[in-house]
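So the structure is just underneath, and the comments pick up after that.
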Protein chains: 2
Amino acid sequence: MTKEDAIAAMRNFMAECVPFSKGEWDRVQPLHEVKILEKNELLLRQGEICTTLAFVVSGALCQFRTEDVDPYAYDFSFEADYAVDFASFAGQKPSTIGIRALRTSVLVCISKKNLDAAYKVSPAFQEFGRLMAERALVYDDDRVKSLLYDTPEERYLNLMERDPELLQEIPLYSIASYLGIRPESLSRVRANLNKKK
Amino acid sequence: MTKEDAIAAMRNFMAECVPFSKGEWDRVQPLHEVKILEKNELLLRQGEICTTLAFVVSGALCQFRTEDVDPYAYDFSFEADYAVDFASFAGQKPSTIGIRALRTSVLVCISKKNLDAAYKVSPAFQEFGRLMAERALVYDDDRVKSLLYDTPEERYLNLMERDPELLQEIPLYSIASYLGIRPESLSRVRANLNKKK
DNA sequence: CATACTTCTTGATTTTTGTCAAGTGATGGA
DNA sequence: TCCATCACTTGACAAAAATCAAGAAGTATG
């Protein structure tokens with residue numbers, strides 16, 4: 001995949017969300033930068049300020065904490081997701097998580113400074129930003145509800161239904177930490193579900 | 001408080017977030033509607049589609065689930081917060097929570113249709129919407145991290161630090177459900193903290 | 001091929017949290 | 001004033017999840 005392909009993929013995704021003119025895109029596009037991460041390479045080191053917002057063209061990334069003995073998966077980013085510690089990015093303060101590529105990943109990145117500039121010169125991009133924030137908000141809202149109300153078994157089943165390919169790709173101990181339980185507990189949840197069938 | 005006062009309060013809040021012209025405000029303002037809720041009155045019934053986004057000028061609201069024996073507090077909205085089930089509002093599908101006034105509350109409301117119209121006619125309002133979504137996103141992000149990583153005691157202490165007045169106003173059984181634990185467990189957490197001192 | 005490592009599972013045990021039941025103090029009517 | 005209700009606490013017990021330890025299966029590596 002060339003850099004041009006990556007930019008085109010991002011443009012297509014944006015076009016699906018909001019209508020924008022060629023002129024607008026031409027003002028916004030140069031503010032972006034294509035970045036390729038190899039497997040296990042870091043996009044963000046925990047504790048550093050998150051300076052870049054990364055649109056995932058292809059590949060997969062994991063947001064995680066290093067304080068724990070095992071790296072503790074907090075979230076995953078796949079194709080057409082954004083990878084970022086938003087609190088760190090928006091407030092330009094130290095991040096509480098790191099971000100690592102789970103496999104070779106192609107990203108279209110924009111710095112905080114350039115993003116602010118893009119919002120200034122393009123109303124369509126402003127709207128796109130709002131829609132992305134709203135999408136992330138609905139996702140987080142759902143997750144809070146799930147953590148408050150659902151049992152580990154329900155959370156696991158919901159994830160399987162919503163994102164079955166995730167389970168193919170991500171080790172179960174990472175899934176467990178995403179669900180907020182220990183790997184051994186997830187193992188037992190799965191054993192139980194097998195027995196039920 | 002008059003309706004004009006409520007509108008003015010909302011305008012002031014918006015002005016603190018983004019610069020906007022008088023013309024822009026004049027286009028956006030008529031799309032809003034002031035609403036006063038008495039204590040215990042509902043803004044949204046669980047299961048209904050959330051048709052309105054409510055800016056809280058004064059008062060306090062609670063988002064909750066009715067499925068449980070005790071109403072289960074999911075979140076609270078105070079002055080300068082927005083009260084909404086965003087997934088229901090954005091997608092115009094049945095809400096999974098209800099919203100109730102904890103005391104008499106003055107709201108400035110806007111319907112989904114009018115909000116979409118406001119975004120169309122005002123770039124400043126578009127930016128304001130993005131900033132509000134981002135603010136909510138950071139809040140939710142924090143909450144997910146807290147539910148994943150912190151013990152009930154840590155969650156309680158964090159809440160006390162972040163929002164001490166909330167504990168004055170909200171019964172402990174609601175605090176407990178917000179923290180994702182049972183009232184009895186919160187009671188024990190508090191008893192433990194008292195012993196430690 | 002042998003070895004080390006990773007991932008996952010299982011069993012035994014401890015810790016945490018939930019559940020059930022009872023009781024206290026405060027508050028608000030009738 | 002009395003009674004009912006509400007918010008909170010406490011105790012005894014049950015259930016859920018974490019922890020600790022060991023081992024199986026698969027994969028990578030010398």
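Below, read A as the first sequence line, B as the second, and so on, with proteins coming before strands; counting in each chain starts at 1.
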Candidates A:H32, A:M10, A:M132 - the one meeting side-chain contact (heavy atoms from CB on, under 4.5 Å) with A:F55: A:M10
First-last contacting nucleotides on DNA chain C - partner chain B, under 4.0 angstrom, heavy atom: C:dT17 to C:dC20
Parallel, tilted or perpendicular: ring planes of B:F128 versus B:F13, cut at 30 and 60 degrees: perpendicular
Whether A:Y149 and B:Y72 hold their rings parallel, tilted or perpendicular, with breakpoints at 30° and 60°: perpendicular
Greater than 12 external heavy atoms within 6.0 Å of B:E161's CD: no
NZ or CZ of B:R155 within 45° of B:Y178 ring axis and under 6.0 Å: no
A:D81-A:Y139 side chain donor-acceptor pair, cut-off 3.5 Å: no
Nucleic acid footprint by protein, nucleotides 11-20 of chain D - heavy-atom cut-off 4.0 Å, B for base, S for sugar-phosphate alone: BB----SSBB
B:R100 NZ/CZ over B:F64 ring centroid, <6.0 Å and within 45° of normal: yes
Phosphate OP1/OP2 of D:dC8: any B:R190 side-chain N/O under 4.0 Å: no
Distance-only side-chain donor-acceptor flag, B:Q126 / A:R130, under 3.5 Å: yes
